[in-house]
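Reading through the structure tokens given below for one structure.
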Amino acid sequence: QLDRRMMVVLRDGRHLTGYLRSFDQFSNMVMEDVCERRILQTKDANGKLCSYYADVRLGLYMVRGDSMVLLGEVDEEIDSDDEGEPTADKPKGDDNNLMKKVTLEEFERLSEEKKEREEAGEEKIEELCWEFDMDLVV
């Protein structure tokens, strides 16, 4: 539906979120207030798996229909940029959150730390990999 916040997964693996403003018969789309969502999985000091994400603002974006793999609506209440005050439904430090939003600088720092631990052999997390093009091969 138009004027709804959507997430698009592209063939190159990028995740874009933004408001769908227009589309055509080829599934080309114009999206507004687009952010590229970068996701990182790592382990904390206790060895518990943690997921972080950071949004890189892109603005107005045109997405070619043939580069799109997946499209879905984003629940704005859950995906809000505003942390807001803790409530009974959303207490501060809630462990039910699957991913924690961080700044881009913090994301880059966490990514570098993960890379250093992997090179030292301290951390090994199997990445979820989906080869979009290979799924089409018979």
Side-chain angles (χ1 to χ4, degrees):
Q1 289 186 355
L2 293 178
D3 302 326
R4 297 281 179 103
R5 189 162 169 82
M6 307 296 271
M7 177 176 275
V8 179
V9 178
L10 302 178
R11 290 177 67 155
D12 63 4
R14 288 183 294 161
H15 297 70
L16 304 178
T17 61
Y19 291 93
L20 179 62
R21 296 300 184 204
S22 181
F23 63 93
D24 65 11
Q25 70 269 24
F26 303 109
S27 298
N28 297 319
M29 298 183 306
V30 175
M31 297 177 72
E32 188 176 36
D33 296 331
V34 175
C35 294
E36 178 184 349
R37 179 153 295 171
R38 296 185 182 175
I39 301 170
L40 175 71
Q41 280 191 318
T42 186
K43 292 183 181 178
D44 63 9
N46 300 328
K48 183 179 173 186
L49 192 63
C50 297
S51 297
Y52 300 96
Y53 74 95
D55 288 337
V56 179
R57 300 233 182 256
L58 301 174
L60 189 66
Y61 216 73
M62 165 114 178
V63 180
R64 281 183 54 111
D66 65 351
S67 68
M68 184 175 42
V69 174
L70 189 65
L71 172 71
E73 188 173 351
V74 176
D75 188 347
E76 292 191 55
E77 290 181 18
I78 294 173
D79 194 52
S80 173
D81 285 342
D82 301 325
E83 294 283 323
E85 292 297 318
T87 63
D89 295 335
K90 186 179 129 187
K92 188 172 185 176
D94 185 8
D95 287 337
N96 293 329
N97 291 336
L98 299 177
M99 295 187 355
K100 180 181 177 192
K101 184 173 183 174
V102 296
T103 64
L104 187 56
E105 293 79 19
E106 180 75 7
F107 183 87
E108 295 295 332
R109 185 186 65 78
L110 290 167
S111 181
E112 285 297 318
E113 288 177 3
K114 177 184 177 183
K115 185 177 178 182
E116 290 171 4
R117 287 193 303 270
E118 285 177 343
E119 288 174 354
E122 298 171 9
E123 181 173 330
K124 180 69 176 163
I125 298 175
E126 194 167 320
E127 295 290 328
L128 178 62
C129 185
W130 182 14
E131 291 292 333
F132 309 115
D133 294 328
M134 295 305 294
D135 286 345
L136 302 175
V137 177
V138 178

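A donor-acceptor pair under 3.5 Å is formed between the side chain of N28 and the backbone N or O of G65. Distance alone, capped at 3.5 Å, places no donor-acceptor pair between the K100 side chain and the Y53 backbone.
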- Task: Before giving the answer on side-chain contact (heavy atoms from CB on, under 4.5 Å), spell out for V8 and M31 the whole-Å C-alpha distance, their side-chain angles and the decisive distance to 0.1 Å.
- Result: CA-CA 10 Å; V8 179; M31 297 177 72; 3.8 Å; yes
- When you look at D3 and Y19, which way does the side-chain contact (heavy atoms from CB on, under 4.5 Å) test go after all the steps? CA-CA 6 Å; D3 302 326; Y19 291 93; 6.0 Å; no
- Message: I'd like to know whether H15 forms a side-chain contact (heavy atoms from CB on, under 4.5 Å) with M7, so could you lay out the CA-CA distance, the side-chain angles of the two residues, the decisive distance to 0.1 Å, and finally the verdict.
- Response: CA-CA 7 Å; H15 297 70; M7 177 176 275; 4.2 Å; yes
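A salt bridge is absent between E112 and R109; no separation between the charged side-chain nitrogens and carboxylate oxygens falls under 4.0 Å. Taking the charged nitrogens against the carboxylate oxygens, R38 and E108 do have a contact shorter than 4.0 Å, which makes a salt bridge.
Between the side chains of T42 and R117, at least one donor N or O lies within less than 3.5 Å of an accepting N or O.
Placement of L71 and V30 in two distinct hydrophobic clusters is found when ILVMFWY residues are connected by side-chain heavy-atom separations under 4.5 Å, directly or transitively. Connection of L49 to L110 is not established within any shared hydrophobic cluster, with ILVMFWY side chains joined at heavy-atom distances below 4.5 Å, either directly or through further cluster members. Hydrophobic clustering places L58 together with V63 (ILVMFWY residues linked when any side-chain heavy atoms are closer than 4.5 Å, directly or through intermediates).
R21 and L2 get closest at one heavy-atom pair: O-CD2, 3.5 Å. Between Q41 and S51 the shortest heavy-atom distance is CG-OG, 3.4 Å. L40 and K114 make their closest contact through CD1-CD, 3.5 Å (heavy atoms, listed as atom of the first residue, atom of the second, distance). Closest non-hydrogen pair, L16 versus L10, comes out as CD1-CD1, 3.7 Å. Considering all non-hydrogen atoms of both residues, C35 and R57 come closest at SG-NH1, 3.0 Å.
Note that OG of S22 and CD of E32 are 11.5 Å apart. Values are rounded to the nearest 0.5 Å. Rounding to the nearest 0.5 angstrom, the gap separating the CG atom in L20 from the CE atom in M6 is 5.5 Å. Between atom CZ of residue F107 and atom CG of residue D55 there is a gap of 10.0 Å, rounded to the nearest 0.5 Å. For the atom pair NZ (K101) and CE (M99), the distance works out to 10.5 Å, reported to the nearest 0.5 Å.
Counting heavy atoms from C-beta on, the side chains of L104 and E106 never come closer than 4.5 Å.
R14 CZ: more than 12 foreign heavy atoms inside a 6.0 Å radius. Shown here is Y52, whose OH atom has more than 12 heavy atoms of other residues, nucleotides or ligands within 6.0 Å.
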